[in-house]
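Here is the structure we will look at.
In each ligand, atom 1 is the first atom listed, and ligand 1 is the first ligand listed. Keep in mind that the numbers below use all heavy atoms, side chains included, and drop hydrogens, waters and symmetry copies.
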Amino acid sequence: MSAHRPTAAIVGCGDIAHYHVRGYQLAGVETVAFVDPIAAARDQFLQEYGDGTDAVGYSDLEAMFAAGVIPDLISICAWHLLHAPLTVDAAKAGVKGIICEKPMAVGLGDADRMITACEAAGVKLAISHQRRFTLGWEKGRELVAAGHLGTVQFAVSKLGHGLLNCGTHAIDGVRFLLGDPVPQWVMGAVERTSGRFERDTPIEDGCLGLVHFADGSQLMIESDLDMEGATVGTFQIRGTEGMMEVSETHCRTLTAAGWQDHDLGIPRDQIDVIGGQANARQTRELLGWIDGDLDT
Ligand SMILES: NC(=O)c1ccc[n+]([C@@H]2O[C@H](COP(=O)([O-])OP(=O)(O)OC[C@H]3O[C@@H](n4cnc5c(N)ncnc54)[C@H](O)[C@@H]3O)[C@@H](O)[C@H]2O)c1
């Protein structure tokens with residue numbers, strides 16, 4: 001894709017879409033279309049980002065494809081229930097890559113349909129877990145891989161705002177830190193008595209879960225049971241030789257040598273957790289995957 005400047009369309013011009021556009025700008029991708037059924041939403045994006053470009057607004061994906069606009073990349077930034085149908089439509093239309101917001105889908109059936117459609121069309125599908133591109137998590141993953149903690153036995157994540165919302169980042173984050181081990185079995189309990197919803201999807205009031213990975217390590221997830229200290233991206237990891245507390249913006253370990261704060265190269269408040277370099281690097285990695293530089 002290096003011969004021309006890659007293009008992208010935003011589908012769903014709401015909060016998170018701003019971070020995708022800015023990520024595209026930093027990654028050298030031109031956003032050529034803004035898709036949203038609400039005219040005021042797409043017009044706002046055209047005003048904010050369309051100046052000096054040929055970007056056009058469309059009420060839906062069908063209208064954009066009918067106009068002959070097939071961008072290289074598409075960002076699916078609508079709510080969860082729309083992730084599967086919009087991804088499938090985009091894959092069939094022949095885009096090269098899709099960045100779909102988390103959660104990938106609200107069930108395995110939808111997730112499978114997305115993968116099948118993308119594989120059939122040769123489209124690269126990325127789920128926007130952009131926190132993987134933060135320096136704290138990257139340092140943690142590097143130290144775990146180097147055996148700084150010995151053999152990892154256990155990780156703990158305590159979060160709030162629902163498994164489908166923050167939980168997807170947390171589960172993805174622990175897997176990232178541990179080198180993406182494959183889950184072997186899962187045991188858990190969810191409770192829902194309050195009729196709680198998150199972006200029009202019913203979610204649990206509370207959850208406690210244990211994930212056992214094929215390498216023998218385990219993850220304990222506590223969601224919405226006690227909000228004191230609950231965060232999306234801070235984890236405690238215990239190994240045979242030490243412990244780690246890690247977030248997107250810091251990483252410290254306790255080993256026989258004592259506590260150690262690991263230098264991330266830039267101050268904590270300059271690390272982008274959403275948008276900025278996190279989204280830009282995610283975009284660059286997807287472009288590299290499309291170009292064949294990555295084999296995953
Ligand atoms: N990765 C992250 O850190 C992160 C952070 C926030 C939100 N998100 C995810 O982003 C998604 C969107 O959340 P948000 O807070 O930006 O929502 P939002 O309500 O701010 O924006 C959603 C937009 O989608 C539009 N829309 C509705 N139906 C559409 C359709 N058929 N086609 C195109 N657009 C349509 C709406 O009009 C709205 O403008 C959610 O799935 C959420 O989980 C991810």
Side-chain angles (χ1 to χ4, degrees), residues 8-24 31 33-49 56-67 69 71 74-90 93 95 98-107 110-111 114 125-134 136-137 159-173 176 196-203 223 231-234 247-249 271-283 285-286:
I10 297 291
V11 185
C13 300
D15 274 354
I16 196 63
H18 290 283
Y19 300 101
H20 285 240
V21 181
R22 291 175 198 145
Y24 285 144
T31 305
F34 296 99
V35 181
D36 201 296
I38 298 175
R42 53 182 194 265
D43 287 349
Q44 185 197 334
F45 272 67
L46 279 171
Q47 267 176 23
E48 209 165 319
Y49 305 107
V56 177
Y58 298 96
S59 59
D60 53 55
L61 262 186
E62 209 180 9
M64 183 181 85
F65 295 138
V69 178
I74 280 206
S75 279
I76 309 288
C77 298
W79 285 5
H80 320 341
L81 290 169
L82 293 171
H83 291 178
L86 292 171
T87 295
V88 170
D89 287 350
V95 301
I98 299 172
I99 302 179
C100 177
E101 263 306 337
K102 42 61 56 177
M104 179 175 185
V106 297
D110 272 354
M114 294 162 77
L125 172 62
I127 305 305
S128 192
H129 286 125
Q130 79 286 342
R131 289 162 203 260
R132 281 182 173 239
F133 298 89
T134 56
W137 282 14
L159 59 109
H161 311 294
L163 274 184
L164 271 180
N165 187 12
C166 294
T168 135
H169 278 303
I171 294 166
D172 182 69
F176 176 72
R196 191 174 175 219
F197 278 75
E198 194 277 316
R199 292 188 180 91
D200 79 358
T201 306
I203 62 163
S223 173
T231 64
V232 185
T234 303
S247 76
E248 301 92 334
T249 59
I271 296 174
D272 298 318
V273 174
I274 304 181
Q277 286 303 332
N279 279 71
R281 289 180 55 207
Q282 176 173 261
T283 299
E285 188 165 296
L286 175 60

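Trp79 contributes no side-chain N or O that, together with a main-chain N or O of Thr201, makes up a donor-acceptor pair within less than 3.5 Å. Looking only at distances, a side-chain donor or acceptor of His83 sits under 3.5 Å from a matching main-chain atom of Ala78. Looking only at distances, no side-chain donor or acceptor of Arg42 sits under 3.5 Å from a matching main-chain atom of Gly57. Side-chain N or O atoms of Gln130 include one that pairs as donor or acceptor with a backbone N or O of Val273 at under 3.5 Å.
The minimum heavy-atom distance linking Ile16 with Cys77 is given by the pair CG2-CB, 3.8 Å. Heavy-atom minimum distance, Ala105 versus Asp110: CB-CB, 3.6 Å. For Cys13 against Phe34, the heavy-atom pair with the smallest separation is SG-CB, 3.8 Å. Nearest heavy-atom pair, Ala126 versus Leu286, reported as atom, atom and distance to 0.1 Å: CB-CD1, 4.4 Å. Scanning both residues, Phe65 and Asp89, for their nearest heavy atoms gives CE1-O, 4.0 Å.
The option with the heavy atom closest to atom 8 (N) of ligand 1, from among Glu101, Gln282, Gln130, is Glu101. With distances taken over non-hydrogen atoms, the option nearest atom 37 (O) of ligand 1 out of Val106, Val11, Thr201, Asp36 is Asp36. Within the set Pro37, Cys166, Cys13, the minimum heavy-atom distance to atom 35 (C) of ligand 1 is found for Pro37. Comparing heavy-atom distances from atom 18 (P) of ligand 1 across Phe45, Trp79, Phe34, Tyr58 singles out Trp79 as nearest.
Remark: ligand 1 atoms within the under-4.0 Å shell around heavy atoms of Val35 are 33 (C), 34 (N). Proximity to His83 (heavy-atom distance under 4.0 Å) selects the following atoms of ligand 1: 41 (O). Taking every non-hydrogen atom of Ser128 and a distance limit under 4.0 Å, the qualifying atoms of ligand 1 come out as 1 (N). Annotation for ligand 1: atoms under 4.0 Å from non-hydrogen atoms of Ile38 are 37 (O).
The closest protein non-hydrogen atom to atom 20 (O) of ligand 1 is Asp15 N, 2.9 Å. From the protein, the heavy atom lying nearest to atom 24 (O) of ligand 1 is Gly12 CA, 3.4 Å. Among all non-hydrogen protein atoms, the one lying nearest atom 21 (O) of ligand 1 is Gly14 CA, 3.2 Å. In terms of protein heavy-atom proximity, atom 22 (C) of ligand 1 is closest to Cys77 O, 3.7 Å. Closest protein heavy atom to atom 41 (O) of ligand 1: His80 ND1, 2.9 Å. From the protein, the heavy atom lying nearest to atom 43 (O) of ligand 1 is Lys102 O, 2.8 Å. For atom 11 (C) of ligand 1, the closest non-hydrogen atom of the protein is Ala78 O, 3.3 Å. Of the protein's non-hydrogen atoms, Arg199 NE, 3.8 Å is the one closest to atom 14 (P) of ligand 1.
Taking any N or O of Ile16, backbone or side chain, at least one lies under 3.5 Å from an N or O belonging to ligand 1. Looking at ligand 1, you'll find an N or O of His169 within less than 3.5 Å of one of its N or O atoms.
Rounding to the nearest 0.5 Å places CG of Leu159 at 10.5 Å from OG1 of Thr168.
When heavy-atom distances to ligand 1 are checked against a 4.0 Å cut-off, Ala17 has no atom that comes that close, whether in backbone or side chain. Under 4.0 angstrom from ligand 1, the non-hydrogen atoms of Leu82 all belong to its side chain.
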Legend entry - Stepwise side chain to side chain contact (heavy atoms under 4.5 Å, CB included) test for Val232 and Arg131: CA-CA 10 Å; Val232 185; Arg131 289 162 203 260; 3.9 Å; yes

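By the 30° and 60° cut-offs, the orientation of the rings of Phe45 relative to Tyr49 is tilted.
Between the side chains of Tyr24 and Ser75, at least one donor N or O lies within less than 3.5 Å of an accepting N or O.
Using a non-hydrogen distance threshold of 4.0 Å, His129 does not register as a contact of ligand 1.
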